[in-house]
Amino acid sequence: MDVEVDGILVAAHELKAPLAVLRQLALSFDGMDDKNERIRHEMVNVSERAIKQVNDLAKVKRLDDRLFEMEPVAVRAVCDDVTRELAHLFGISRRNLKIKYSNRSRLVVANRELLHSVIYNFLLNAMHYSDAETISTLTVKDKNNFVRIDIRDFGPALPNNIWREMRDGFVKQPTSIAMRPGSSGLGLYIASKFSYYMNAKVGAVRHRDGTSFYVELPVSRQAVLPGV
Amino acid sequence: MIFVIEDDPIMARCIKNAAGADARIFSNAIEAMQALDEEMPKLIFLDILLTGPDGFTFLNEMISYPDTAKIPVVIVSSLDFGSKDLSVYGVVGILNKDTMTPDDIKDYVRKYAE
């Protein structure tokens, strides 16, 4: 492992430690009324999101080590997990999410952990940039020998430079996005890096009233188990 | 008695709060090793990345003696151990600091120290 990567992993560990402590402290409170219970819940959620982002960043730096194995993955199950995790956050942010599964239940070739992060980051991005009370959509559909996951938001359009980078395969680095204020583009950077690692095609479509981000994953030849 | 070996004082207190009044905190492995000469805990919650000798040094020391080798240990760490089997060290469980809850600690206490 090179010195830079090693340093980043140490920094990630150091950043994560206080977040994990904050989360534990919030979980330790007992006997709260409803209002404080909500605050506690949000403290836990915020800590967990930050921990996840630090973990994802550390994973980006470990991609070259080829530690993440590709396997047959059930896309709908991963989407269900992520949307369940983010339902509360969408709720308190007064954003809505609609899920449309029109794919056949086929497995894709991916790494479950990385795919989870791709969908998580795209959805978080959609939530962040959608206008209040709009409905973002997560669509999973078949496209020949690929399964395509689309996440559509309704908010400010994506700047040209980021759109071009997404079209070309991945966002080269986190950067300030003036037209989408308040973001470093870190989530898109992580999602595009993970997609690239999984040989998935990633991209964005600009609409007049928002953006769709998509990832296309190759279908696995492994048979689908009943109930998946 | 339960030992909590954790060098972050706030995290140590959180674990102790969940484990109950019978828990004793050690901020490093050396203090905990010395304490093992005086009393045998029913359960140990052990961080791995400690100041000074790390958690694995402590585990190796523990399994060197027949009496301490029997003490169940729960690793509490932010490192990802995947599905590694550490039972040769007396490890009965691994809790990830990023995702664990006080109930996870209580479950181990109920199982091994009540």
Side-chain angles (χ1 to χ4, degrees), chain A residues 1 5-32 37 40-41 43-63 65-69 71 81-82 84-85 111-114 116-117 120, chain B residues 2-29 44-56 74-84 93-110:
Chain A
M1 194 184 302
V5 172
D6 199 23
I8 287 167
L9 295 178
V10 171
H13 182 79
E14 292 296 322
L15 280 171
K16 216 168 59 161
L19 294 170
V21 169
L22 279 176
R23 180 179 169 276
Q24 277 314 307
L25 274 176
L27 287 169
S28 301
F29 293 136
D30 272 335
M32 313 265 265
E37 182 58 41
R40 175 174 88 142
H41 197 70
M43 284 170 70
V44 172
N45 273 332
V46 169
S47 311
E48 286 178 351
R49 275 211 313 283
I51 288 170
K52 180 166 175 49
Q53 205 151 45
V54 174
N55 279 337
D56 279 351
L57 258 182
K59 277 182 208 156
V60 166
K61 291 296 165 191
R62 300 302 303 273
L63 290 177
D65 296 339
R66 312 299 296 180
L67 293 175
F68 305 97
E69 283 179 22
E71 57 200 341
D81 282 351
V82 180
R84 210 176 301 121
E85 266 177 55
N111 175 277
R112 197 181 195 289
E113 211 178 305
L114 299 185
H116 182 284
S117 285
Y120 185 97
Chain B
I2 294 165
F3 281 10
V4 176
I5 309 171
E6 164 65 62
D7 59 356
D8 184 301
I10 307 174
M11 182 60 86
R13 264 208 319 276
C14 290
I15 298 169
K16 180 182 157 76
N17 284 348
D22 203 22
R24 193 174 158 194
I25 294 173
F26 300 92
S27 61
N28 63 66
I44 296 176
F45 289 102
L46 173 70
D47 186 16
I48 292 296
L49 297 178
L50 293 162
T51 311
D54 64 13
F56 282 107
V74 176
I75 288 179
V76 182
S77 175
S78 54
L79 298 176
D80 182 10
F81 288 95
S83 53
K84 246 178 212 155
I94 298 173
L95 290 175
N96 189 314
K97 284 181 186 174
D98 300 352
T99 53
M100 70 178 191
T101 67
D103 284 342
D104 296 329
I105 305 270
K106 286 173 189 163
D107 285 345
Y108 280 110
V109 172
R110 264 193 294 273

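Residue numbers begin at 1 in each chain, while the letters A, B, ... track the order of the sequences. Predicted model, so just to flag it, every value in this text is computed and none were measured. Worth knowing before you read on, the calculation uses all heavy atoms, side chains too, and leaves out hydrogens, waters and symmetry mates.
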Between A/Val21, A/Ile51, A/Val44, the one whose heavy-atom pairs under 4.5 Å with chain B are most numerous: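 So the answer, after comparing A/Val21, A/Ile51, A/Val44, is A/Val21.
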Rounded distance (nearest 0.5 Å) linking atom [atom1] of [X] with atom [atom2] of [Y]:
X	Y	atom1	atom2	result
A/Lys52	B/Thr99	NZ	OG1	12.0 Å
A/Glu14	B/Ser78	CD	OG	9.5 Å
A/Lys59	B/Asp80	NZ	CG	8.0 Å
A/Leu19	B/Asp98	CG	CG	9.0 Å

Least distance between heavy atoms, B/Met11 atom then A/Gln24 atom: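 B/Met11 and A/Gln24 have their closest heavy atoms at SD-CG, 3.5 Å.
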Closest non-hydrogen atom pair between B/Thr101 and A/Leu27, with its separation: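 What the structure gives for the nearest pair is CA-CD1, 4.2 Å.
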B/Asp8 versus chain A, the contacting section by heavy-atom distance below 4.5 Å: side chain
Structural part of B/Leu49 lying under 4.5 Å from a heavy atom of chain A: side chain
Residue A/Leu25 versus chain B: region with a heavy atom under 4.5 Å: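 Its backbone and side chain both get close to chain B.
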